[in-house]
Amino acid sequence: MRNVSEVFDAGEGVEVELRGWVWRKRSHGRLLFIDLRDSTGVIQVAVNAGRVGPESFEEASKASRESSVLVRGIIAHDPRAPGGVEVRCTYFKTIGQSLDDFPIRKGVTSRVLYDNRHLYLRSPRVTAVMRIRSNLIWAVHEFFRSRGFVEIDCPTLVTAAVEGGATLFEVNYFGKKVYLTQSVQFYQEAAIYSLERVYSIQPSFRAEKSRTTRHLTEFWHVEAEMAYAGFEDLLKTIEELVRYIVIRVDELSKKELRTLGRRIRTEEVEGPFPRITYAEALDILRRHGVDAEWGIDIGADEEKIISGEFEKPVFLTHFPKKLKAFYHKPDPSNREVTLSADLLAPRGNGEIVGSGVRIDDYEELRSRILEEGLRPEDYYWYLDLRKYGSVPHAGFGMGVERVLKWILDLPHVRMAAPFPRTPTRIQP
RNA sequence: GGGCCCGUAGCUCAGAGGUAGAGCGCCCGGCUGUUAACCGGAAGGUCGUGGGUUCGAAUCCCACCGGGCCCGCCA
């Protein structure tokens, strides 16, 4: 019997030894209650001066919040205890005393919480989110592995942008200017010529000073690329991935969801996800009184209106060429729009996936690079891929923290990252 | 890059021209069934920084610094 979780499942009268940290303490003089926290949960320990030796009682009295302690005692089922179970202490020893100014307390602002993220990480609710995040990553691996995808690790230091617009973090590389990656897409495109179907789970970096509840400057990016895939294959894969991970995370995280008091709305991913084209989206916006001319960007306000029409994630497809990066393949039936799709999460949670069919023809890709005012020599190896046995292919990227924000109803993506990076926060 | 807002005790905030306040936390004392325990007491501040107006500035004005929210950009 080594952890809190096991104690809740064990029977009355069993002797137990626990190691953990003092989460809260309530003293009644000769009786004190300690809420003991370990990696699996929190349980009340009752330290009664009449039942433990004087040395143990003295240690328990002096143990401050967050002290690490060793406790031995007897399991008792008692309705007065939180959760109905407590440990009646027979022996208490402090392993590491804590200073008396532990900064994580009820009522502090998010600034204090994130300035002390290294300590805030100990809170049961944060622990639960981190376990759910781990389950989500696990589910992503399960999904891709079961479908013949190979995981590939791509470089973080790169020389050119993938996205035209997004800003890159500059790094001094032995005197040469290089950048932190925004996406591993180009490297994955190189890899499909041998592995055919690849995926990666890596950090991506965006130097935008985006101070919103859905932006981090460093975020974890699930990306995949598939040889021979067309538009339909692409949307089908994204939909099945999102459905799989939501249902699987729910299965794997029952206990953590109880700790958070959250329910994952698995009904949101049942059945096919609605698909609407950019042109149809404009119609919806006009019905809501938005002056939606062809070519306008679908911003946060527009996304909220559109996703508000549906209760499931919704694909927004066929964006105009000029709104998308140069590598997006035009729709053969209307070359002004691209075979691209963004997935908008329900309840105003915004874009969680960006995807598209890639241009596979050398000349077409080269002329698009020139049209965007970019230099083909910067993309020499990316262009090479279209010279030697090019194949149709498509891929997508999904933001891990954004998915967690959506399914757990988090107010901010920073809650989904252990040590979030934002424009104003780089420590801890 | 654009717009709005906030910096007063360790934390959360009130005070909006007249000599610095509360709650929580810490510390001390009390308490054998608490659930963010409770009760009593004590300590704790050049009011973000610099300048200006005024008999007098936490309070009004200017600049700077730090932070938050929304938008743009995106996942």
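We name chains A, B, ... by the order of the sequence lines, and we start the count at 1 in each one.
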K.L.:
Determine the contact category for A:T424: base if any of its heavy atoms lies under 4.0 Å from a base atom, sugar-phosphate if only primed atoms, P, OP1 or OP2 are that close, otherwise nothing.
P.N.:
sugar-phosphate
K.L.:
Now, which nucleotide makes the Watson-Crick or G-U wobble pair with B:rG66, with each of the two distances under 3.5 Å?
P.N.:
B:rC6
K.L.:
Say you pick atom C1' in B:rG21 and the same atom in B:rU8; how far apart are they, in whole Å?
P.N.:
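Each nucleotide's C1' atom is 10 Å from the other's.
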K.L.:
Using the P atom as the point on both nucleotides, what is the distance between B:rU59 and B:rG50, in whole Å?
P.N.:
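So the two P atoms sit 13 Å from each other.
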K.L.:
For the pair made of CZ in A:F319 and C1' in B:rA75, what is the distance, rounded to whole Å?
P.N.:
13 Å
K.L.:
For residues 73-92 of chain A, run the donor-acceptor check on the side chains, cut-off 3.5 Å, and write out each pair with its distance to 0.1 Å, sequence neighbours left out.
P.N.:
{"unit_1": "A:H77", "atom_1": "NE2", "unit_2": "A:A10", "atom_2": "O", "d": "3.3"}
{"unit_1": "A:D78", "atom_1": "OD1", "unit_2": "A:R80", "atom_2": "N", "d": "2.8"}
{"unit_1": "A:D78", "atom_1": "OD1", "unit_2": "A:R80", "atom_2": "NE", "d": "3.1"}
{"unit_1": "A:D78", "atom_1": "OD2", "unit_2": "A:R80", "atom_2": "NE", "d": "3.3"}
{"unit_1": "A:D78", "atom_1": "OD2", "unit_2": "A:R80", "atom_2": "NH2", "d": "2.8"}
{"unit_1": "A:D78", "atom_1": "OD2", "unit_2": "A:R88", "atom_2": "NH2", "d": "2.9"}
{"unit_1": "A:E86", "atom_1": "OE1", "unit_2": "A:Q44", "atom_2": "NE2", "d": "3.0"}
{"unit_1": "A:E86", "atom_1": "OE2", "unit_2": "A:R88", "atom_2": "NE", "d": "2.6"}
{"unit_1": "A:E86", "atom_1": "OE2", "unit_2": "A:R88", "atom_2": "NH2", "d": "3.1"}
{"unit_1": "A:T90", "atom_1": "OG1", "unit_2": "A:R72", "atom_2": "O", "d": "3.1"}

K.L.:
So for A:R26 and B:rU34, does any side-chain atom that can act as donor or acceptor lie under 3.5 Å from a complementary atom in the base?
P.N.:
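A donor-acceptor contact between them is present.
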K.L.:
Rounded to the Å, how far apart are A:I296 CD1 and B:rC73 P?
P.N.:
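Checked: the CD1 to P distance equals 10 Å.
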K.L.:
Under 4.0 Å, counting only non-hydrogen atoms across every strand here, what does A:V353 touch: a base, just sugar-phosphate, or nothing?
P.N.:
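Contact class for A:V353: sugar-phosphate only.
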K.L.:
Please confirm whether the backbone N or O of A:P330 pairs with a side-chain atom of A:T338, one donor and one acceptor, at under 3.5 Å?
P.N.:
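No, because the side chain of A:T338 does not come within donor-acceptor range (under 3.5 Å) of the backbone of A:P330.
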K.L.:
Using a heavy-atom cut-off of under 4.0 Å over every strand shown, decide if A:S204 touches base, sugar-phosphate, or nothing.
P.N.:
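No contact.
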K.L.:
Applying salt bridge (Lys or Arg N to Asp or Glu O under 4.0 Å), can you list everything that pairs with A:D297, at least two apart in sequence or on another chain?
P.N.:
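Salt bridge (Lys or Arg N to Asp or Glu O under 4.0 Å) list for A:D297, sorted by chain: empty.
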K.L.:
Can you confirm if the aromatic rings of A:Y114 and A:H412 lie within a centre distance of less than 6.0 Å?
P.N.:
no
K.L.:
Would you classify A:K304 as touching base, sugar-phosphate or nothing, given that sugar-phosphate means primed atoms plus P, OP1 and OP2, and contacts are heavy atoms under 4.0 Å?
P.N.:
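Touches sugar-phosphate only.
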K.L.:
I want to confirm an ordering. Mapping A:R88 and A:F102 to their closest nucleotides on RNA chain B, which one lands closer to the 5' end?
P.N.:
A:F102
K.L.:
A:E401 CD to B:rA75 C1': how many Å, rounded?
P.N.:
9 Å
K.L.:
Please state the C1' separation for the pair B:rG18 and B:rA57 - nearest whole angstrom.
P.N.:
10 Å
K.L.:
Remember a base hit wins even if backbone is also touched, and classify A:D297 as base, sugar-phosphate or nothing at under 4.0 Å, heavy atoms.
P.N.:
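A:D297: backbone/sugar contact only, no base atoms under 4.0 Å.
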K.L.:
Taking atom C1' in both B:rA42 and B:rC4, compute the distance separating them and give it to the nearest angstrom.
P.N.:
43 Å
K.L.:
With a 3.5 Å cut-off and no angle check, do the side chains of A:E189 and A:Y382 form a donor-acceptor pair?
P.N.:
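Yes, a side-chain donor-acceptor pair sits under 3.5 Å.
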K.L.:
Tell me which residues in residues 42-56 of chain A lie within less than 4.0 Å of RNA chain B, going by non-hydrogen atoms.
P.N.:
A:Q44, A:N48, A:G50
K.L.:
Taking B:rA16 as the reference, what is the distance to B:rG7 when you measure between their C1' atoms (whole Å, please)?
P.N.:
16 Å
K.L.:
Can you find a donor-acceptor N/O pair under 3.5 angstrom joining the side chain of A:S210 to the base of B:rC73?
P.N.:
yes
K.L.:
Has the side chain of A:K25 got a donor or acceptor atom that lies under 3.5 Å from a matching backbone atom of A:S61?
P.N.:
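Side chain of A:K25 to backbone of A:S61: a pair is present.
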K.L.:
Contacts to RNA chain B from residues 216-225 of chain A, heavy-atom cutoff under 4.0 Å, which residues?
P.N.:
A:L216, A:F219, A:H221
K.L.:
If you go through the side-chain atoms of A:R65, does one of them form a donor-acceptor pair with the base of B:rC26 closer than 3.5 Å?
P.N.:
no
K.L.:
Less than 3.5 Å between a donor and an acceptor, one on the side chain of A:H28 and one on the base of B:rC38, is that the case here?
P.N.:
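It does not, because no donor-acceptor pair links the side chain of A:H28 to the base of B:rC38 below 3.5 Å.
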K.L.:
Taking the side chain of A:S27 as heavy atoms from C-beta outward, which of B:rG33, B:rG1, B:rC31 is closest to it?
P.N.:
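Nearest listed nucleotide: B:rC31.
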K.L.:
Expressed as a whole number of angstroms, how long is the span from A:R125:CZ to B:rA36:C1'?
P.N.:
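Rounded to the whole Å, the gap is 14 Å.
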K.L.:
OP1 or OP2 of B:rC70 less than 4.0 angstrom from a side-chain nitrogen or oxygen of A:R214, does that happen here?
P.N.:
no
K.L.:
Would you classify A:R24 as touching base, sugar-phosphate or nothing, given that sugar-phosphate means primed atoms plus P, OP1 and OP2, and contacts are heavy atoms under 4.0 Å?
P.N.:
sugar-phosphate
K.L.:
Would the base of B:rG33 count as contacting A:E86 through its side chain, where contact means a donor and an acceptor less than 3.5 Å apart?
P.N.:
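By the distance-only test, yes, there is a pair.
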K.L.:
Less than 4.0 angstrom between a side-chain N/O of A:R211 and OP1 or OP2 of B:rG1, yes or no?
P.N.:
no
K.L.:
Please state the C1' separation for the pair B:rC62 and B:rU53 - nearest whole angstrom.
P.N.:
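The same atom, C1', in both gives a distance of 11 Å.
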K.L.:
Pairing check on B:rC26: which nucleotide meets the Watson-Crick or G-U wobble criteria with it, both distances under 3.5 Å?
P.N.:
none
K.L.:
Classify the side-chain pair A:S200/A:E223 by whether it contains a donor and acceptor separated by less than 3.5 Å.
P.N.:
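No, no side-chain donor-acceptor contact under 3.5 Å.
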K.L.:
How would you label the contact of A:R402 with the nucleic acid (heavy atoms, under 4.0 Å): base, sugar-phosphate, or nothing?
P.N.:
base
K.L.:
Assert yes or no for the condition that the ring centre distance of A:F143 to A:H141 is strictly below 6.0 Å.
P.N.:
no
K.L.:
Which one is paired to B:rU34, where only Watson-Crick or G-U wobble pairs with both distances under 3.5 angstrom count?
P.N.:
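Looking at the geometry, B:rU34 pairs with no nucleotide.
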K.L.:
Minimum heavy-atom separation for A:P203 to A:T181, with atom names?
P.N.:
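Looks like O-CG2, 3.8 Å.
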K.L.:
Run the side chain to side chain donor-acceptor pair (under 3.5 Å) test against A:R275 and tell me which residues pass, sequence neighbours left out.
P.N.:
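Counting only residues at least two positions away or on another chain, A:R275 forms a side chain to side chain donor-acceptor pair (under 3.5 Å) with A:E232.
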K.L.:
List for me each residue that meets side chain to side chain donor-acceptor pair (under 3.5 Å) alongside A:W138, sequence neighbours excluded, and say none if there are none.
P.N.:
A:E142
K.L.:
Please pick, from B:rU34, B:rC71, B:rG67, the nucleotide with the shortest atom-to-atom distance to any side-chain atom of A:A81.
P.N.:
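The answer is B:rU34.
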K.L.:
Do A:H215 and A:E208 have a side chain donor and acceptor closer than 3.5 Å?
P.N.:
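No, no side-chain donor-acceptor contact under 3.5 Å.
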K.L.:
Determine the interatomic distance between P on B:rG10 and the same-named atom on B:rC47; round to the nearest Å.
P.N.:
12 Å
K.L.:
For B:rC47, give the paired nucleotide (Watson-Crick: N1-N3 plus N6-O4 or O6-N4; G-U: N1-O2 and O6-N3; both under 3.5 Å), or none.
P.N.:
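Paired with B:rC47, as far as the under-3.5 Å criterion goes, is no nucleotide at all.
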K.L.:
Using atom C1' of each nucleotide, how far apart are B:rG56 and B:rC70 to the nearest Å?
P.N.:
40 Å
K.L.:
Round to a whole Å and report the spacing from CG of A:L119 to P of B:rC11.
P.N.:
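After rounding, the reported distance stands at 15 Å.
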K.L.:
May I ask you to say what A:T109 touches in the nucleic acid, namely base, sugar-phosphate or nothing, with a heavy-atom cut-off under 4.0 Å?
P.N.:
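The residue A:T109 makes sugar-phosphate contact but no base contact.
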K.L.:
Name the pairing partner of B:rA42, where a pair is Watson-Crick or G-U wobble with both distances under 3.5 Å, or state none.
P.N.:
none
K.L.:
What is the distance, to the nearest angstrom, from the NZ atom on A:K25 to the P atom on B:rC31?
P.N.:
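To the nearest whole Å, that distance equals 16 Å.
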K.L.:
Can you figure out which of B:rG68, B:rC74, B:rG33 approaches the side chain of A:R80 most closely?
P.N.:
B:rG33
K.L.:
Please confirm whether the ring centroid of A:W21 lies under 6.0 Å from the ring centroid of A:F102.
P.N.:
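Ring centres of A:F102 and A:W21 not closer than 6.0 Å.
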